[in-house]
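These values consider heavy atoms only, across backbone and side chains, with no hydrogens, waters or symmetry-generated copies. This one's a predicted model, so the numbers in the text were calculated from it and none came from an experiment. Naming convention: chains lettered A, B, ... in sequence-line order (proteins, then strands); numbering from 1 in each chain.
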Amino acid sequence: MTVLPREFYLQETCAVARELLGKTLVRQTPEGPLAGTIVETEAYLTGDPASHAFRGPTPRNSPMFGPPGHAYVYLSYGVHEMLNLVTGPVGVGEAVLIRAAWPTEGLPLLRANRRLPPDAPAREIASGPGKLAQAFGITRALFNGSDICNPSGQLMVLDAPPVPGEEMVQTTRIGITKGAESPWRYYIKDNPAVSRR
DNA sequence: CTCTGGATTGAC
DNA sequence: TCAATCCAGAGG
């Protein structure tokens, strides 16, 4: 499998969010590889009041305005790290939040990172953005602003066959107050790792 | 400088 | 239903 090229992230942000479904998130760690199938995403667009980039560039959101194919990682509620993939050309502040993944490789280490028991079901490992970042060991210190198109890097997304349209669902985003009506959340129908509340 | 409010989660 | 726990960003 090949690493998704930078051009992939230059498509319209909603298209990127949709097409990321089914692709493979890979984290190389000193203890071995971690991987999972992306099953849930959200798009954050220009002019979107829910986006960190809504009021223009700031120190925190600067990766969103940088080149596509880089990570934007931030701390939510003072507790959880969130992984976004930057889309669009330099100067455009858009990104896709990776909300959930179905673990496929390195399950013992993923569980250990999450402090789950060794027999915890796979669906509990990365069924939410904070859980996903914790499971994959993704932190601001390690990955904010880092290039995710480098095949020899520690974080990347591998190409995979597209998910059939009838297996995709598009709905409103989760956990936001502003821009709550916009249907920019995408997930794979019936996948147990999709977040819920 | 102070203050407010989250793109969440897990415990109560 | 609520606290945990941090800090960006707005307003003075």
- request: Go through the steps for N150(A) and M156(A) under the test side chain to side chain contact (heavy atoms under 4.5 Å, CB included), then give the verdict.
  value: CA-CA 7 Å; N150(A) 181 356; M156(A) 68 198 85; over 6 Å; no

Residues from residues 91-128 of chain A lying under 4.0 Å of DNA chain C - heavy atoms: none

task: In whole angstrom, give me the gap between the C1' atoms of dG5(B) and dC2(C).
output: 16 Å

message: One pair to check against side chain to side chain contact (heavy atoms under 4.5 Å, CB included): L155(A) and L83(A). What are the steps and the verdict?
response: CA-CA 11 Å; L155(A) 185 64; L83(A) 171 66; 4.3 Å; yes

task: Indicate yes or no: at least one non-hydrogen side-chain atom of D159(A) is less than 4.5 angstrom from one of V3(A).
output: no

- request: Identify whether L132(A) and V26(A) are in the same connected component of the hydrophobic contact network (ILVMFWY, side-chain heavy atoms under 4.5 Å).
  value: no

- line: The contact string for nucleotides 3-9 of chain C, one letter per nucleotide 5' to 3', using protein heavy atoms under 4.0 Å with B, S and - for base, sugar-phosphate only and none, comes out as -BBBSSS

Check: residues 95-107 of chain A side-chain donor-acceptor pairs under 3.5 Å, at least two apart:
unit_1  : atom_1 : unit_2  : atom_2 : d
R99(A)  : NE     : E40(A)  : OE2    : 2.9
R99(A)  : NH2    : S195(A) : OG     : 3.2
T104(A) : OG1    : A35(A)  : O      : 3.3

message: For the residue pair Y44(A) / E42(A), report whether a side-chain donor-acceptor contact shorter than 3.5 Å exists.
response: yes

message: Please report the distance, rounded to the nearest Å, between CG in L85(A) and P in dA7(B).
response: 18 Å

query: Is the CZ atom of R115(A) crowded by more than 12 outside heavy atoms at less than 6.0 Å?
result: no

message: Under a 3.5 Å cutoff, is there a donor and acceptor pairing between the side chains of E81(A) and T139(A)?
response: no

- prompt: Is there a donor-acceptor pair closer than 3.5 Å between any side-chain N or O of K189(A) and the backbone N or O of E166(A)?
  reply: yes

query: Is there a residue in residues 170-197 of chain A whose heavy atoms reach under 4.0 Å of DNA chain B, and which residues are they?
result: I174(A), G175(A), I176(A), T177(A), R197(A)

Nucleic acid contacts of residues 35-49 of chain A, taken as heavy-atom distances under 4.0 Å to DNA chain B: Y44(A)

message: Main chain of F136(A), side chain of N113(A): is a donor-acceptor contact present, judged purely on distance under 3.5 Å?
response: no

Euclidean distance, atom CD of residue Q134(A) to atom P of dT9(B) [Å, nearest integer]: 10 Å

query: Got a donor-acceptor contact below 3.5 angstrom from the S51(A) side chain to the D48(A) backbone?
result: no

statement: In DNA chain B, stems of three or more consecutive pairs, Watson-Crick or G-U, each with both distances under 3.5 Å, turn out to be B:1-6 with C:6-11, B:8-11 with C:1-4

